[in-house]
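The basis for the numbers below is simple: all heavy atoms, side chains too, and nothing from hydrogens, waters or symmetry mates.
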Amino acid sequence: MSVIFDGLSLGAIYALIALGYTMVYGIAKMLNFAHGDIIMVGAYAVFTTLAAGGNLAIGVLASVIVCTLMGIIIEKVAYRPLRGVTPIAVLITAIGVSYLLQSIAQLIFGAKAQSVSLPSLGAVSIAGSNVSVSSILTMGISAVIMIALTLFIKKTRTGRAMLAVSEDRGAAQLMGINVNKIITVTFAIGSALAAFASVFYLFQIPTAEPTLGSMPGIKAFTAAVIGGIGSIPGAMIGGFAIGLLEALVSAVGLSIWKDGVVFAILIVVLLVKPTGILGRPQTEKV
């Protein structure tokens with residue numbers, strides 16, 4: 001039972017990160033490979049807040065604010081000027097932004113991993129197994145966030161505008177939708193989700209370092225691809241699937257192989273269904 005809870009908790013973190021990838025791709029049609037490093041920024045925001053004497057609630061708030069602002073700045077400075085250029089130019093820029101964020105973090109905090117002193121939440125017994133309270137909170141809060149995001153997309157005017165831009169940017173602009181504003185809002189929401197993911201990740205590995213977001217970011221991108229890049233439900237399914245898979249592989253004593261198993265599953269999914277579980281084939285207009 002504890003293995004299932006650990007897997008679902010880890011999957012919830014991957015799902016939150018994957019949502020940022022899939023929203024940006026679905027609406028802006030670009031892959032933001034710097035998204036994983038937003039998690040690192042959020043982790044350092046929590047570390048700085050706690051080191052300055054603040055509590056966890058203030059740290060979470062600081063992480064959300066800093067990550068959201070960082071996402072907006074990156075979109076405006078790095079990606080907006082490249083609107084309409086070749087995808088390879090955007091991809092190279094995203095990789096450059098990723099290394100830039102890592103280098104800035106290294107200059108400010110150093111290359112050494114910093115221990116983050118999070119409060120101990122203890123554990124509870126469920127069906128005879130001890131399950132950490134942090135895992136339960138991760139799953140519960142993540143579920144609330146995902147439900148709220150789904151309702152926001154389907155029920156609000158901004159959410160429907162996001163759907164319109166994802167379907168046809170040109171037609172949406174002709175209907176009076178401010179495409180630049182919608183893309184900025186998308187980056188802001190994705191970065192806020194990464195901030196929550198960074199807090200949950202710190203409960204599992206309470207250290208902050210410049211490369212903290214690299215592997216979680218890659219695995220979350222893998223989750224988005226497995227679920228169907230551009231599909232919000234697909235990102236959730238992919239995230240939970242990878243989390244459970246890692247937990248099960250570790251439980252049978254093969255933790256050293258867990259990364260390889262995840263990427264092997266990605267290859268199999270791409271061979272069998274290249275668009276992912278819930279992805280739709282993209283038709284190119286001529």
Polar side-chain atom of [X] near backbone of [Y] as donor-acceptor pair, under 3.5 Å:
X      : Y      : result
Ser166 : Leu163 : yes
Thr49  : Ala45  : yes
Ser198 : Ala195 : yes
Ser63  : Gly59  : no
Arg160 : Lys155 : yes
Ser9   : Phe5   : no
Lys273 : Leu270 : no
His35  : Ile17  : yes
Thr22  : Ser231 : yes

Applying ring-ring contact (aromatic ring centres under 6.0 Å, His included), can you list everything that pairs with Phe200, at least two apart in sequence or on another chain?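 Expected list: none.
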Using the test ring-ring contact (aromatic ring centres under 6.0 Å, His included), find all partners of Phe221 that sit at least two apart in sequence or belong to another chain.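 Phe221 satisfies ring-ring contact (aromatic ring centres under 6.0 Å, His included) with Tyr21, Phe33 once adjacent residues are dropped.
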Cluster question for you: counting only ILVMFWY and a side-chain heavy-atom cut-off of under 4.5 Å, with indirect links fine, are [X] and [Y] together?
X      : Y      : value
Leu137 : Leu61  : no
Leu212 : Ile104 : yes
Ile95  : Ile88  : yes
Val133 : Leu118 : yes
Ile205 : Ile38  : yes

Pairwise side-chain contact, [X] with [Y], heavy-atom cut-off 4.5 Å (strictly under):
X      : Y      : answer
Val46  : Val60  : no
Tyr79  : Asn32  : yes
Thr138 : Gln204 : no
Val225 : Thr222 : no
Leu101 : Met70  : yes
Phe47  : Leu202 : no
Leu16  : Tyr201 : no
Val252 : Leu248 : no

For [X] and [Y], which heavy atoms make the closest approach, and how far apart are they?
X      : Y      : value
Ala34  : Val97  : CB-CG1, 3.6 Å
Ser135 : Asp6   : OG-OD1, 3.9 Å
Met23  : Leu149 : SD-CD2, 3.9 Å
Gly213 : Met40  : N-CB, 4.1 Å
Pro210 : Gly110 : CG-O, 3.7 Å
Thr184 : Ile72  : CG2-CG2, 3.9 Å

Step-by-step side-chain contact (heavy atoms from CB on, under 4.5 Å) determination, Phe152 to Met162: CA-CA 10 Å; Phe152 173 81; Met162 293 168 73; 3.8 Å; yes
Apply side-chain contact (heavy atoms from CB on, under 4.5 Å) to the pair Ile183 and Arg83, showing each step before the final yes or no. CA-CA 11 Å; Ile183 292 177; Arg83 202 75 52 78; 3.5 Å; yes
Rounded distance [0.5 Å steps], [atom1] in [X] versus [atom2] in [Y]:
X      : Y      : atom1 : atom2 : result
Ile277 : Ile237 : CD1   : CD1   : 6.0 Å
Thr68  : Ile73  : OG1   : CD1   : 11.0 Å
Leu91  : Leu82  : CG    : CG    : 11.5 Å
Ile74  : Arg80  : CD1   : CZ    : 13.5 Å
Asp259 : Lys219 : CG    : NZ    : 3.5 Å
Thr48  : Gln114 : OG1   : CD    : 9.0 Å

Please say whether more than 12 non-hydrogen atoms of neighbouring residues, nucleotides or ligands are located less than 6.0 Å from CG in Leu271.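 Yes, CG of Leu271 has more than 12 neighbouring heavy atoms, counting only those of other groups under 6.0 Å.
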Enclosure of Phe240 CZ (heavy-atom neighbours >12, cutoff 6.0 Å):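 More than 12 within 6.0 Å, yes.
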Quick one: ring-ring contact (aromatic ring centres under 6.0 Å, His included) pairs with a partner in residues 92-125, sequence neighbours left out? Tyr44-Phe109
Could you walk me through whether Met30 and Thr93 satisfy the side-chain contact (heavy atoms from CB on, under 4.5 Å) test, starting with their C-alpha distance in whole Å, then the side-chain angles of each, then the deciding distance to 0.1 Å, before giving a yes or no? CA-CA 11 Å; Met30 61 162 290; Thr93 301; over 6 Å; no
